[in-house]
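Data first, discussion second: the structure below is written as C-alpha cells.
The structure displayed is predicted, hence computed values, not measured ones. Every heavy atom of this structure was used, including side-chain atoms; hydrogens, water molecules and symmetry mates were not. We name chains A, B, ... by the order of the sequence lines, and we start the count at 1 in each one.
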Amino acid sequence: MSSAEVALAAAPEAKHYTGLLDWLTTTDHKKIGLMYLIFSLVNAWVGGLFAGMVRLRLYDPNWNFIKPEFFNQMLTMHATVMIFMVVMPAFVGFGNYLVPLMIGARDMAFPKLNAFSFWMLIPPSLMMYASFFTVGGSAQGGWWSYPPLSGAEFSPGAGESLWCLAIILLGISSIMGAVNFLVTIADMRAPGMGWMQMPLFVWATEITAWLLLLAVPILSGVLVMLLSDRIFHTGFFQPGLGGDPLLYQHLFWFFGHPEVYIMILPAFGIMSHVLPAFAHKPVFGYKGMVYALASIGVLGFMVWAHHMFTSGISPEAQIFFSTTSLIIAVPTGVKVYSWLASMWGGTIDFSAAMKFGLGFIGLFVIGGLNGVVLAIVPFDIAVHNTYFIVAHLHFVLFGGSVMGLMAATYFWFPKMTGRRLSEKLGNWHFWLFFIGFLWVFTPMHILGIEGMPRRVAFYRPEFTDLNRFISLGFLLLLAGGLIFTYNVIHSIRHGEPTPEPDPWKINDVQQSLEWMVPSPPPAWNFDEVPVYEEG
Amino acid sequence: MATESHSAAAPAHAAAAAHADPSAHAPQPSAWPILLALGIGVFATAFFLVATGFNALPLLVLAGILLVLIPALGWATTIAAERRHQDPNYTFAILRRGFLYFLLSEGAIFGSFFAHNLYIRFGHATTWPPLGAPRLETSLPAIGTLLLVLSSFTYHWSHHAFIGGKRALAKNWLLATIILGVVFLAIQGYDWGFLKAFDKFTYSQGVFGSQFYWMTGFHGLHVCVGLLFLVLVYWRMERGEMNQTYHFSLTAAEYYWHFVDIVWIFLFFVIYLL
C-alpha cells in the first residue's frame, strides 16, 4: 500500500455537547470509566440490599413476611447483580479510566465501541429488574442456573428466561470491552514502551480481557441452549430427550471458573500499585508478577470441574481437577510474597487506601487457603453446598475483589476528580467493613462444617444463634457502605483539592504515567505523548 | 505543562508534537453507540415477547430492527469518514486486530455448540444417531460445502483484483461470491424443508435434532450477516467509496466470510460425516 502519498483530510471541527447530552454521547474513556463506576455503585446498593433481605429471612425463618420463593429470588439476584453488574463493571470502569493513561495513549483504540460497551449494560439491567414484576417474579435458580431446576418444568415463569436473555446481552458488553482492551494494550502503547514496561494493572487488565474474550462466549452459547430448551422445548439439557444436565455444569463452569479470575486479577493489579505506593517503594519482582498473572490466566481454564466433585464425575477427573486447582496456589503465593516484599523495609503510610490494601492481603489469603482445602476432594465432598463454600467465596470476592476496589477508589479518586476522599471517613469505612466482614463471614465456616446447607430458607434450630449473630453483622457493612457513599458524594464537591499530578508523592519510586498528568486529566490526556527510550 | 515537571521518570518526552493543538486528539462524541444499545434492547424485548407467545406489536419488532440497522450503518459511515484524517495504515492495523479478536470470540460460541455435540455423542449417548433420528442425506450438503468453499476463493480473487486496481473484475468476483452464498443458503433451506416434511425431523424431538437445527441455523444466521456484509462492500465498490488505501470493509468481510466457511467445514464434518 502506498499510504505515504495519501493526503489526509483536515480534521473536522470538534463537536462539543454540554450537560446530559455530553454524557450520553461521550466517547472519552475517562467519562465512560466514571459512568461504569457510578453504575457499579448504584447496583452495589441494590445487590447489597438483596443480601440484607437474605439475612433478614435467616435471622428468624419463622417470620414469614419474606416467603421462601422471595428468598430464592433475593439469593439469585444478589449473586447476579454483584457479579455481573457490580464487580465486573467496576473493574472495567477502572480499566477504562486508567489503562489509556498508564500506557500513554490519548484514548482507547475504539472510543465509540467503548461507549457502546457501557450503554449495552443498561438494557439487560432493566430487563433483570423488570423480571421482578413478571408472574412468579425473577429467576430463582441461583446465578449458576442449573437445569433441570432452571428448566421450563421447575421454573415456569418468565423470570428465568429474562435472566438468560439479560446475561446473554451483558455478554455482548463484556466481549466488546475485552476486544477494545486487547487492541488498546497491543497497539496504543506510548512509542518505545515495551510489554515488560507496562504497569502491572495494565498487565492484569490484559490477562482479564483474554479470559473475558474466550470464556464469556461459552456462557452465551450455553445460555442460548438453556433458553432454547425453555422456550422452544429443545433437548440440550433434558434427559428425556437425550440431553445431559451434567453437561450444562461442565460448560457453565468452563466459563465460571475463568470468571472467578476475571473478578480477582484486576484487584491483583490494583494491589501492585497501592501497596508499594504507600510503602514508598517500587514494586518487587515485576517479571515474576507478570508470569504469575499469565499462569493464573492459563490454569484458570483447566480447573472448572472442581465445582463438580459431587456431581458425578469420574475419579480420574477428580484427581486431575484437584491437582490443577492446587497448582494455582503457587502463582498466587508468588503474588502475595511479592506484595509483602514490596512493603518490606518501607515507611508505611496507613492511609485509607493502604488499609484496604492490607485488609485485602489478610482476607484474600484466608479465602485462598480455604480454596486450597476445598480443592482436596474428600474435604470438598464433606462441605459441598454448605455455608463453608459461602464463606470461601465471600472471602475471595468481598475480602478480595471488593476490598481491592475500595483501595483503588481511595487511591485514584484524586486523579479522577482532583479532590481527595476524606481520610477520616475512610478510616471509619475501613474498620466497619473489615470488622463487619469478619463478623459476617467467619462464623459461616463453622456453620458449614456443622452442615448447614446453603441456598435454603430454613435451618435446624441449633444454627439459630450463629445465624442471628451473622445477620446483625450485616448492619456494620451497611453502615460502612453508607459512610463510603456519603464520602464519595461529599468529596466530589468539597474534598481537599489535589490539582497537582502526583498527590501521593510517589513519582520518585514508581513511574506510572497517570501520575504525570494533571488531576483530573484533560480530555486529550497528554499534551505531548510520552516517548520511552528503548530498554 | 505538568508532564515535563516530573521528568525524573523513565519516559523522555517527544520534542515535536504531532499536532499543535492537543485538544484535537480528543475523540469525537457520537450518538450511535447509545442508539445501537437501545436498538438491541428493543429488539431483544420484542423477540422475547414473540417467543413466549405474547402478541407483540409488529411495530415493536420493526422498531427494534430499524434501531439496530440505522445506528450500525451510521456508525460504519462515521468510522469510514474519520479514517480520512487519520493514519490509514495504523487505523487499518487496529481495526483488523479488533475484528480478528471478535471472530475469536465468535469461534468460542460455536465451540460451545461443538463441545455439546461431541460430549453427548461420545460421553453420553448409547447409540448415535439416536434411535428415531433420520439418516442425514449427505450428497446435497456436500455440494453446498463445495460451493461455499469455492465462494471463499472467489472472494479472495475479488480482493486481489481490487488491490490490483481492476475494479470491474473485483465487482464480478464479488457478485459471484454473493450468488454462491445465496445458493448455499437455498440448499440449506431445501435440506431443512426436506428433513421436516419427509423425515418429520424437528428440533424438539430429541437432542440430535436440537443440535442439528441450532448448529446449522446459527451458522446460517452468520451466512446471512456475511451476505449483508458482502452487499455493503459491493455497494461501496459501486459508489467508489473504497480505494487501495481505504478498504477495511473489504478485508473485514473477507475475514468474516472465510470464518463462516471454516466453521461450516467443521460443521459438515461433525454433523454429516462423523
Side-chain angles (χ1 to χ4, degrees), chain A residues 1 3 6 8-11 15 17 24-28 106-107 109-112 115-116 119-120 123 158 165 169 175 179 182-183 186-187 213-214 217-218 220-222 231-236 241-244 247 251 501 507-508 511 516-518 523-524 526-533, chain B residues 1-3 6 8-14 17 22-34 36-38 40-41 44 48 51-52 75 84-86 88-89 93-94 97-98 101-102 104-106 108-109 111-113 115-116 119-120 124-125 130 203-204 206-208 210 214 244-245:
Chain A
M1 279 193 296
S3 61
V6 175
L8 298 183
K15 279 186 277 184
Y17 296 119
L24 295 181
T25 61
T26 187
T27 53
D28 180 343
R106 286 208 152 108
D107 208 286
F110 308 118
K112 283 188 268 304
F116 173 71
W119 292 113
M120 206 48 233
L165 192 59
L169 293 182
I175 292 168
V179 168
L182 289 172
V183 178
D187 288 332
L213 188 78
L214 298 175
I218 308 292
S220 308
V222 74
I231 295 182
F232 303 123
H233 311 292
T234 51
F236 288 108
L241 293 173
D244 185 5
L247 178 53
L251 289 170
N507 271 350
D508 53 330
Q511 284 91 37
M516 298 173 195
V517 293
W524 51 91
F526 299 93
D527 289 345
E528 289 169 16
V529 171
V531 175
Y532 275 69
E533 280 148 14
Chain B
M1 265 310 286
T3 43
H6 291 266
H13 292 280
S23 69
H25 291 291
Q28 291 285 299
S30 171
W32 297 127
I34 187 172
L36 183 61
L38 179 73
I40 292 176
F48 180 78
T52 51
W75 189 338
R84 301 290 159 147
H85 50 85
Q86 289 164 341
N89 284 341
I94 63 169
R97 191 193 289 273
Y101 287 169
F102 164 71
L104 206 57
S105 76
E106 285 261 69
I109 300 186
S112 67
F113 281 98
H116 190 284
Y119 178 96
I120 292 287
H124 190 67
Y203 55 75
S204 57
V207 69
F208 183 56
S210 310
W214 256 107
Q244 263 97 328
T245 313

Quiz item: Relative to chain B, which segment of A:Asp107 carries a heavy atom at a distance below 4.5 Å: side chain, backbone, both, or neither?
Solution: side chain

Quiz item: What distance separates B:Gln86 CD from B:Ile94 CD1, expressed to the nearest 0.5 Å?
Solution: 7.5 Å

Exercise. Between chain A and each of B:Phe102, B:Phe113, B:Tyr119, count heavy-atom pairs under 4.5 Å; write down the option with the most.
Key: B:Tyr119

Quiz item: Contact part of A:Leu213 toward chain B, heavy-atom cut-off under 4.5 Å: side chain, backbone, both or neither?
Solution: both

Practice problem: With rounding to the nearest 0.5 Å, note down the distance linking CG in A:Leu247 to NE2 in B:His116. | Solution: 4.5 Å

Self-check item: Minimum side-chain heavy-atom gap A:Val222-A:Phe236 below 4.5 Å
Solution: no

Quiz item: Checking heavy atoms, do the side chain of A:Leu169, its backbone, both or neither come under 4.5 Å from chain B?
Solution: side chain

Quiz item: Checking A:Arg106 side chain against B:Ala26 main chain: does a donor-acceptor pair fall under 3.5 Å?
Solution: no

Quiz item: Distance-only, no hydrogens or angles: does the B:Ser105 side chain make a donor-acceptor pair with backbone N or O of A:Pro217 under 3.5 Å?
Solution: no

Exercise. Below 4.5 Å from any heavy atom of chain B, which atoms of A:Leu165 appear? Answer side chain, backbone, both or neither.
Key: side chain

Practice problem: Under 4.5 Å heavy-atom distance to chain B, tell me which part of A:Tyr17 shows up: side chain, backbone, both or neither. | Solution: side chain

Self-check item: Flag side-chain contact, heavy atom, 4.5 Å: A:Met516 against A:Gln511
Solution: yes

Quiz item: Would you call the rings of A:Phe116 and B:Trp75 parallel, tilted or perpendicular, where under 30° means parallel and over 60° means perpendicular?
Solution: perpendicular

Quiz prompt | Proximity breakdown for A:Ile218 and chain B, heavy-atom pairs closer than 4.5 Å | solution = both

Quiz prompt | chain A contacts, top residue of B:Ala125, B:Gly206, B:Ser112, B:Gly41 (heavy-atom pairs, under 4.5 Å) | solution = B:Ser112

Quiz item: Side chain, backbone, both or neither: which part of B:Pro27 has a non-hydrogen atom closer than 4.5 Å to chain A?
Solution: both

Quiz prompt | Choice from B:Gly111, B:Ala51, B:Ala115 maximising heavy atom contacts with chain A below 4.5 Å | solution = B:Ala51

Quiz item: With no hydrogens and no angle check, is any side-chain donor or acceptor of A:Thr234 less than 3.5 Å from a backbone partner on B:Tyr203?
Solution: no

Quiz prompt | Closest-packed option against chain B by number of heavy-atom pairs under 4.5 Å, given A:Gly243, A:Pro111, A:Ala115 | solution = A:Gly243

